[in-house]
Peer 1: 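Below are the structure tokens for one structure; questions will follow.
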Amino acid sequence: MTNEAMVIDLRSDTVTKPTDSMRKAIEAAEVGDDVYGEDPTVNKLQDTVAQMLGKEAALFVPSGTMANLIAIMVHCHKRGAEMLCGDQSHIFKRETGGAHLTGVQLTPLKNLPDGTFDLNDLEKHVRGSDIHEPVTMMVAVENTHSYCGGKVLPLAWIDKLAAIAKKRSLMLHMDGARLFNASEHLKEDPSRVVRDCDSVSVCFSKGLGAPVGTVLAGTKGFIEQARRMRKMLGGGMRQAGLLAAAALVALDESLPSLYSDHRRAQYLAKSIKDLKLKSFSVDVENQHTNIIHVMINEKSTVISKKLVERLSIVSQSETNKDCKTADSKGIIVKASSKPNDKTLRFVLHHDVNDDELRLAVKKITFVLKEVESNG
């Protein structure tokens with residue numbers, strides 16, 4: 001932007017804009033009434049995703065939050081039902097307690113740093129034999145795990161969890177908003193990652209860059225009930241092929257490039273670690289995907305909200321030190337202070353290229369060094 005600060009948005013991969021090819025696909029999309037099941041583009045997306053995930057059927061819904069809520073409504077079909085999930089999971093922390101709409105009790109299990117939880121603890125929480133207790137019917141996991149820094153759940157752990165779920169007659173749902181990032185990191189087909197899950201949701205408006213939409217997949221019976229729940233929640237869209245068209249382009253064009261987001265995230269994480277600052281640290285060795293968590297030393301008085309504010313302005317001192325581009329007055333980096341005040345989060349996505357990343361590193365380096373030197 002000529003004579004203005006250049007803005008590089010690393011708050012989330014939800015800020016991605018649809019590509020030119022997505023816009024063209026939207027314009028040319030063949031559509032019908034999806035509530036009647038007559039939108040050919042939506043049907044193509046659903047069939048494509050179901051096949052990719054090794055599931056019998058799939059359903060296009062407006063958001064990941066709705067997809068997860070529908071899964072809870074279908075799986076926990078008895079009054080007094082209970083669902084278990086991680087205490088740092090999106091379902092528990094970031095979906096406005098939506099499960100209360102279904103009358104289902106959410107019981108959190110302590111998430112470990114890698115996004116998993118203790119499976120012995122899980123078994124201890126399964127209940128229902130006592131008339132005074134709720135009936136545990138479902139367990140949900142998140143992969144990749146956002147609040148744990150984009151961590152990918154180990155396949156061996158998922159396999160063990162699935163075996164316990166089957167033994168204890170629990171339905172297993174995967175909130176796979178960034179499932180394809182997990183698949184890329186593991187170098188495994190996504191169908192393998194979700195092989196033993198009864199249902200899975202996959203978001204298209206994050207790293208894949210489509211403007212709207214999530215696909216929920218499972219058995220034919222599950223999806224039949226999910227379609228009813230979608231209608232109940234007001235998620236039955238009509239000529240939704242306009243949105244599904246962009247998601248299909250994302251599968252063709254964005255999916256193969258997720259490795260670039262991971263590579264750039266690794267570069268940013270390593271750049272920060274190489275500064276060797278006392279107040280800030282990054283776990284480069286366990287940097288799995290496109291989300292970077294910069295940890296602030298607990299003894300430091302610095303909080304992430306203040307860092308976010310500082311990154312969003314251009315000071316006179318940094319322009320004097322040439323922290324700018326040839327045609328701008330400076331660099332602004334948008335970041336977030338999730339999940340707590342001692343964590344600074346950056347998220348890479350396809351709207352940030354290598355040149356922009358190098359400029360972002362320049363700005364972040366300047367600010368972190370400034371903050372540390374000021375105590």
Side-chain angles (χ1 to χ4, degrees), residues 1-20 22-23 146 149-150 205-207 209-211 254 257 260-277 279-282 287 289-296 300-375:
M1 293 180 290
T2 304
N3 295 324
E4 295 181 4
M6 179 179 188
V7 178
I8 302 171
D9 198 338
L10 301 179
R11 288 173 298 171
S12 175
D13 46 11
T14 61
V15 304
T16 49
K17 305 293 195 302
T19 63
D20 289 342
M22 289 180 188
R23 294 174 187 271
S146 176
S205 61
K206 293 185 170 67
S254 304
S257 66
S260 295
D261 297 338
H262 296 188
R263 172 180 57 80
R264 291 178 181 126
Q266 189 76 23
Y267 174 83
L268 176 54
K270 189 175 185 303
S271 297
I272 296 172
K273 181 178 181 180
D274 288 348
L275 297 175
K276 298 181 179 179
L277 300 175
S279 300
F280 308 103
S281 61
V282 182
Q287 176 62 47
T289 56
N290 64 323
I291 299 174
I292 305 106
H293 277 183
V294 181
M295 310 308 297
I296 304 170
S300 172
T301 59
V302 177
I303 59 173
S304 54
K305 184 178 180 180
K306 293 297 183 182
L307 283 172
V308 169
E309 292 173 356
R310 175 63 187 87
L311 287 164
S312 68
I313 62 173
V314 179
S315 68
Q316 185 64 45
S317 60
E318 65 190 85
T319 56
N320 290 340
K321 293 182 180 293
D322 198 35
C323 190
K324 60 184 185 299
T325 66
D327 61 349
S328 76
K329 291 182 178 179
I331 301 167
I332 287 173
V333 172
K334 292 186 177 183
S336 63
S337 53
K338 298 176 183 177
N340 54 57
D341 62 6
K342 287 295 182 179
T343 305
L344 179 66
R345 188 178 87 154
F346 301 106
V347 184
L348 273 297
H349 49 82
H350 69 66
D351 283 358
V352 177
N353 60 34
D354 288 343
D355 291 338
E356 291 165 332
L357 176 59
R358 282 190 286 270
L359 293 172
V361 168
K362 180 188 290 189
K363 170 75 173 200
I364 294 165
T365 296
F366 184 91
V367 169
L368 294 185
K369 284 184 175 181
E370 176 188 77
V371 170
E372 173 134 319
S373 64
N374 290 339

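Bear in mind the structure is a predicted one, so any value in this text is a computation, not a measurement.
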Peer 1: Roughly how far, to the nearest 0.5 Å, is the CD atom of Glu309 from the OG atom of Ser304?
Peer 2: 10.0 Å
Peer 1: Output every pair passing salt bridge (charged side-chain N to carboxylate O under 4.0 Å, His left out) with a member in residues 5-18, not counting sequence neighbours, ordered by first then second residue.
Peer 2: Asp9-Arg11, Asp13-Arg178
Peer 1: State which residues pass salt bridge (charged side-chain N to carboxylate O under 4.0 Å, His left out) with Asp355; sequence neighbours excluded, sorted by chain then number.
Peer 2: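 Asp355: salt bridge (charged side-chain N to carboxylate O under 4.0 Å, His left out) contacts with Arg358.
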Peer 1: Between Thr19 (side chain only) and Met22 (backbone N and O only), is there a donor and an acceptor less than 3.5 Å apart?
Peer 2: yes
Peer 1: Run the side-chain hydrogen bond (donor to acceptor under 3.5 Å, both in side chains) test against Ser281 and tell me which residues pass, sequence neighbours left out.
Peer 2: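 Expected list: none.
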Peer 1: Does the side chain of Ile296 come within less than 4.5 Å of Ile303's, by heavy atoms?
Peer 2: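 Not in contact.
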Peer 1: Can you confirm whether Leu275 sits close enough to Glu372 that some side-chain heavy atom of one is under 4.5 Å from a side-chain heavy atom of the other?
Peer 2: no
Peer 1: Residues two or more places apart in sequence or in another chain: which of them pass side chain to side chain contact (heavy atoms under 4.5 Å, CB included) with Thr289?
Peer 2: Thr144, Val152, Asn181, His185, His262
Peer 1: Do Phe346 and Val333 have side-chain heavy atoms sitting under 4.5 Å apart?
Peer 2: yes
Peer 1: Please give me the minimum heavy-atom distance between His293 and Gly149, naming the atom from each residue.
Peer 2: CE1-N, 3.3 Å
Peer 1: Listed by chain and number, what are the side-chain hydrogen bond (donor to acceptor under 3.5 Å, both in side chains) partners of Ser337, not counting sequence neighbours?
Peer 2: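 Checked Ser337 against side-chain hydrogen bond (donor to acceptor under 3.5 Å, both in side chains); zero matches.
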Peer 1: Does Asn290 reach the main-chain N or O of His349 with its side chain, forming a donor-acceptor pair under 3.5 Å?
Peer 2: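 No: the side chain of Asn290 does not pair with the backbone of His349.
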Peer 1: Under the rule for side-chain hydrogen bond (donor to acceptor under 3.5 Å, both in side chains), what residues qualify as partners of Ser146, not counting sequence neighbours?
Peer 2: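 side-chain hydrogen bond (donor to acceptor under 3.5 Å, both in side chains) check on Ser146 returns Arg345.
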Peer 1: For Asp354, enumerate each residue passing the salt bridge (charged side-chain N to carboxylate O under 4.0 Å, His left out) test, keeping only those at least two apart in sequence or located in another chain.
Peer 2: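 For Asp354 the salt bridge (charged side-chain N to carboxylate O under 4.0 Å, His left out) partners, ignoring immediate neighbours, are Arg263, Arg264.
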Peer 1: Got a second to check how far Thr365's OG1 is from Ile272's CD1, nearest 0.5 Å?
Peer 2: 7.0 Å
Peer 1: Quick check: closest heavy atoms across Glu370 and Ser315, and the distance to 0.1 Å?
Peer 2: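 Smallest interatomic distance, heavy atoms only, reads OE2-OG, 4.4 Å.
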Peer 1: Tell me every residue that passes salt bridge (charged side-chain N to carboxylate O under 4.0 Å, His left out) with Lys270, counting only those two or more places apart in sequence or in another chain.
Peer 2: Asp274
Peer 1: Just jot down the salt bridge (charged side-chain N to carboxylate O under 4.0 Å, His left out) partners of Lys363, sequence neighbours excluded, or say none.
Peer 2: Glu318
Peer 1: Using the test side chain to side chain contact (heavy atoms under 4.5 Å, CB included), find all partners of Ala269 that sit at least two apart in sequence or belong to another chain.
Peer 2: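 For Ala269, the residues satisfying side chain to side chain contact (heavy atoms under 4.5 Å, CB included) (neighbours in sequence not counted) are Val282, Val284, Gln287, Ile292.
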Peer 1: Taking the side chain as every heavy atom from C-beta outward, state whether Phe366 and Arg310 have any atom pair closer than 4.5 Å.
Peer 2: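 They are in contact (side-chain heavy atoms under 4.5 Å apart), so the answer is yes.
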Peer 1: Quick check: do Tyr267 and Leu357 have side-chain heavy atoms less than 4.5 Å from each other?
Peer 2: yes
Peer 1: Between Gly207 and Ser254, which heavy-atom pair has the shortest distance, and what is it?
Peer 2: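 Shortest heavy-atom separation between Gly207 and Ser254 comes out as O-CB, 4.5 Å.
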Peer 1: Does Lys342 have more than 12 heavy atoms from other residues, nucleotides or ligands lying within 6.0 Å of its NZ?
Peer 2: yes
Peer 1: Suppose we screen for side-chain hydrogen bond (donor to acceptor under 3.5 Å, both in side chains). Which residues come up paired with Asn340, at least two apart in sequence or across chains?
Peer 2: Thr343
Peer 1: What pairs with Glu356 under side chain to side chain contact (heavy atoms under 4.5 Å, CB included), at least two apart in sequence or on another chain?
Peer 2: Met6, Ile8, Val352, Asn353
Peer 1: Of all the heavy-atom pairs spanning Ala335 and Leu344, show the shortest one and how long it is.
Peer 2: CB-CD1, 3.9 Å
Peer 1: Does the side chain of Leu268 come within less than 4.5 Å of Ile364's, by heavy atoms?
Peer 2: yes
Peer 1: What's the shortest heavy-atom distance between Leu368 and Phe280, and which atoms?
Peer 2: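 The answer is O-CE1, 3.6 Å.
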Peer 1: From Lys334 NZ over to Leu311 CG, what is the distance, rounded to the nearest 0.5 angstrom?
Peer 2: 12.5 Å
Peer 1: Just by modelled atom types, is the Ile332 backbone N or O under 3.5 Å from a matching donor or acceptor in the Ser312 side chain?
Peer 2: no
